[in-house]
Asks: 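Could you have a look at this structure, given as structure tokens, before my questions?
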Amino acid sequence: MASKVNSVSFGDYLLTCSICYEQFKNPKVLPCLHSFCLNCITRHHEIYKFSNAGKLSCPTCRAIIPLPENGTSGFPNDGVVNRVKQLLRSLPVVDFVSSIDNMQKLSNSVSDVDNTKEFETGSDDKTPSCRRNYNRPGDVVPMICCDTEGATAMPKELIQNLPDPPVVTKRRTALRKEQSKLQSAIAHMRNKILELYNIQCYTKVLVEKEALRKINQFDKPGKKDMKKIRSKVSEKYSSVLIVVANEQELLYKKIVWVKSIYDVTEEVLESASSTQIMEMFEFLMRELTKQSKLIHEEKPKCNVDLLHGMPLPRDLIIDVRKEIESNRSMSMDTIIHSSRDPRKMGIRLVCKISGYGKEPGKFDFPTHATFMPNGDLLVSDKNNHRLQIFDSNGKFKHEMFDGIIKPRRARVNPADGNIYISDEDSECIKIFSQDGDLVGRVGDHYFICVAGMDFDSNGNIVMTDPEKCHVSTHHHGRNSVLKSFLFRYLIDRKLPHPYYVCVNDDDQYIVSDTRNNRVKVFSCAGRLLFHIDKLNCPRGITTDPYGNILIAEGDGHCISMYSPHGKFLQHLIDKREFGLCYPLSLDMDKNGRLAVTQCGYTSPHEVMIFQIGG
């Protein structure tokens, strides 16, 4: 008996926002067909609104999209998400612990299988294993032998190594072929809806400009005059806006149906077992064929290029065409072949600065690297007693303070633009100007071991001291302690070791405790909010522009990502993919660039710069 699919697990990726990694809440769809929670896309716009005034950069494909008049709430509600939920609930899926009769159905359909040897002798215990049971890698419950006499469970390892039966392979191929017919249609509709959206936005801008130009011709126009002028100018272009709005609405209705079945089919082909494919085949083929016919039967009511014959100025047409071409030039992989899991963000290694030594560009224990306001990289080269500065591509520029400091951390304070250095030799914070002049000291005779350092929203210095087991806040303009609190709690089995600290946009202190393999998050008043456990020697910490917490797990050779509330999201970077080895410090700028230092007794001394999601 077929059972309904569990939409929370199967197809979960299709219902997950790629910003908050949670189930969609009030999803909005952008003209590039990427969907996000309303609160998430609003926050994304707030973060990047200064670099894209009046426009929005899509977090997934980086398409530059003009904002609606009423902001991000003006984007249409995403009907694809609701349609996907309906499809997932409708999918007939064989339960993993289904009866032997259901398994027999799949076995009997495999006519091409050699039935002369239905069983092969297993290992030394002579346990028979059925050759007619096949399954896809990733199934969590072992399949049941299809033979009713002497039924026995096949080992999961053996199941994972078996290929699809020929009949399942044929059905997968048929689904993929029918699905591919929708691929070009989605790409075409995506380009067309971007074109329509740009025409609509640029026309509205034109209406406002022309209205202002006519209003300025009056010496002292009254409110009634201004309203009348705007009304007349709007009437001039009303036909354009009506046609475009109607075409957008019709096109998006079609997109909802086509893209939802495309996405669900992709999920099935990637995740479903052979048994599930057999059960879902007829349903999927029926839905795919229906949408394929719909695409070919329905003709658009407007020409593909809506600019022809419209009463639009030449300058506007040129601007719209430039915007359209820039969006069309983007790879359609971000729409059609994007990862099913939105957490698998685009990660690119920009550069690697490596080498042990004293020469410029070489390191001896790089304990920290941070981005400066101009985009340069500031590296604390501790055992060489200096700071080194590199450009955004990793090219060495110059060094500072050679021989006069032993820096554990170094950061530029946004409050005054000075460079703050936690100096191991003097066990205090030294403050230097950008020109290298010493302008102050903080914490003389207060610290035993200066370690982590960051700044709160007022520019005050937040420090950790592993020897005192304290976290303290110091005034950036005066040599005074504003507050401090003990880092030890009953949950700690070992004496805590507050190593690195990061202050997020809410002025919460995120501190790594390497001895207890956890990260603790405090309010600015020192109240423990929550903690993240089961880490593998947590070291450096930073937050991304959305508030997610990134943790360098030294002995785990990876960088892990957690939500702002401590929920595990993914291992962002690991040793296997990028050769990460004992990562030490982390720092991320507002553009998604991540700086990682790594060094150990046997690992290389180097700095790596990644671009996350760009």
Side-chain angles (χ1 to χ4, degrees), residues 27-35 54-56 58 61 63-83 181-208 210 233-263 290-330 332 334-336:
K28 294 288 182 177
V29 61
L30 308 188
C32 57
L33 305 189
H34 290 119
S35 304
K55 296 183 179 181
L56 175 77
C58 173
C61 67
I64 304 299
I65 299 166
L67 274 175
E69 290 178 343
N70 52 343
T72 52
S73 60
F75 288 118
N77 295 326
D78 188 12
V80 174
V81 173
N82 291 330
R83 178 58 184 161
K181 296 178 182 178
L182 304 183
Q183 181 171 323
S184 58
I186 295 174
H188 170 75
M189 288 189 288
R190 182 255 192 187
N191 283 335
K192 188 175 178 183
I193 207 164
L194 276 171
E195 182 176 334
L196 290 164
Y197 184 75
N198 279 293
I199 292 172
Q200 183 183 53
C201 291
Y202 277 80
T203 304
K204 288 179 179 179
V205 170
L206 177 69
V207 168
E208 184 64 22
E210 190 168 327
V233 175
S234 297
E235 287 179 7
K236 180 180 177 182
Y237 299 104
S238 61
S239 61
V240 176
L241 293 173
I242 291 172
V243 170
V244 170
N246 291 338
E247 182 68 6
Q248 271 185 299
E249 185 177 355
L250 291 172
L251 192 58
Y252 187 66
K253 285 181 180 178
K254 190 188 295 185
I255 287 171
V256 168
W257 289 87
V258 175
K259 192 170 186 297
S260 58
I261 188 60
Y262 182 96
D263 291 344
K290 186 192 302 182
Q291 298 310 317
S292 182
K293 288 180 179 178
L294 180 69
I295 291 170
H296 293 295
E297 289 174 1
E298 290 191 11
K299 302 295 182 183
K301 295 184 178 181
C302 300
N303 293 328
V304 175
D305 190 350
L306 294 170
L307 298 176
H308 287 305
M310 288 189 172
L312 298 175
R314 185 173 178 274
D315 292 343
L316 175 64
I317 294 175
I318 293 173
D319 289 342
V320 173
R321 286 195 179 281
K322 285 181 180 178
E323 195 74 23
I324 292 168
E325 290 304 319
S326 66
N327 284 319
R328 277 181 176 166
S329 64
M330 291 187 305
M332 285 307 297
T334 58
I335 303 296
I336 305 299

Asks: Among Leu67, Val29, Asn70, which residue satisfies the side-chain contact (heavy atoms from CB on, under 4.5 Å) criterion with Phe75?
Replies: Leu67

Asks: Taking side chain to side chain donor-acceptor pair (under 3.5 Å) as the definition, give me every residue that meets it alongside Tyr197, ordered by chain and number, with sequence neighbours left out.
Replies: none

Asks: Sequence neighbours excluded, which residues qualify as side chain to side chain donor-acceptor pair (under 3.5 Å) partners of Asn246?
Replies: none

Asks: Nearest 0.5 Å, what's the CG-CD1 distance between Leu33 and Ile255?
Replies: 5.0 Å

Asks: Taking all non-hydrogen atoms of both residues, which atom of Cys58 and which atom of His34 are closest, and how far apart?
Replies: SG-ND1, 3.5 Å

Asks: Go through the structure and list residues passing side chain to side chain contact (heavy atoms under 4.5 Å, CB included) with Val256, not counting sequence neighbours.
Replies: Val80, Arg83, Tyr252

Asks: Taking atom CD of Glu247 and atom CD1 of Ile193, what is their separation to the nearest 0.5 Å?
Replies: 9.0 Å

Asks: Could you measure the distance from the CD atom of Gln291 to the OH atom of Tyr262? Nearest 0.5 Å is fine.
Replies: 14.5 Å

Asks: If every non-hydrogen atom of Ile261 is compared with every non-hydrogen atom of Val258, which pair is closest and at what distance?
Replies: CG2-O, 3.2 Å

Asks: Rounded to the nearest 0.5 Å, how far does CG of Asp263 lie from CG of Leu182?
Replies: 10.5 Å

Asks: What residues, two or more places apart in sequence or in another chain, satisfy side chain to side chain donor-acceptor pair (under 3.5 Å) together with Ser260?
Replies: none

Asks: For the CG atom of Asp78 and the NZ atom of Lys259, what is their distance to the nearest 0.5 Å?
Replies: 8.0 Å

Asks: Give me the atom names and distance for the closest heavy-atom approach of Lys28 to Asn77.
Replies: NZ-OD1, 2.7 Å

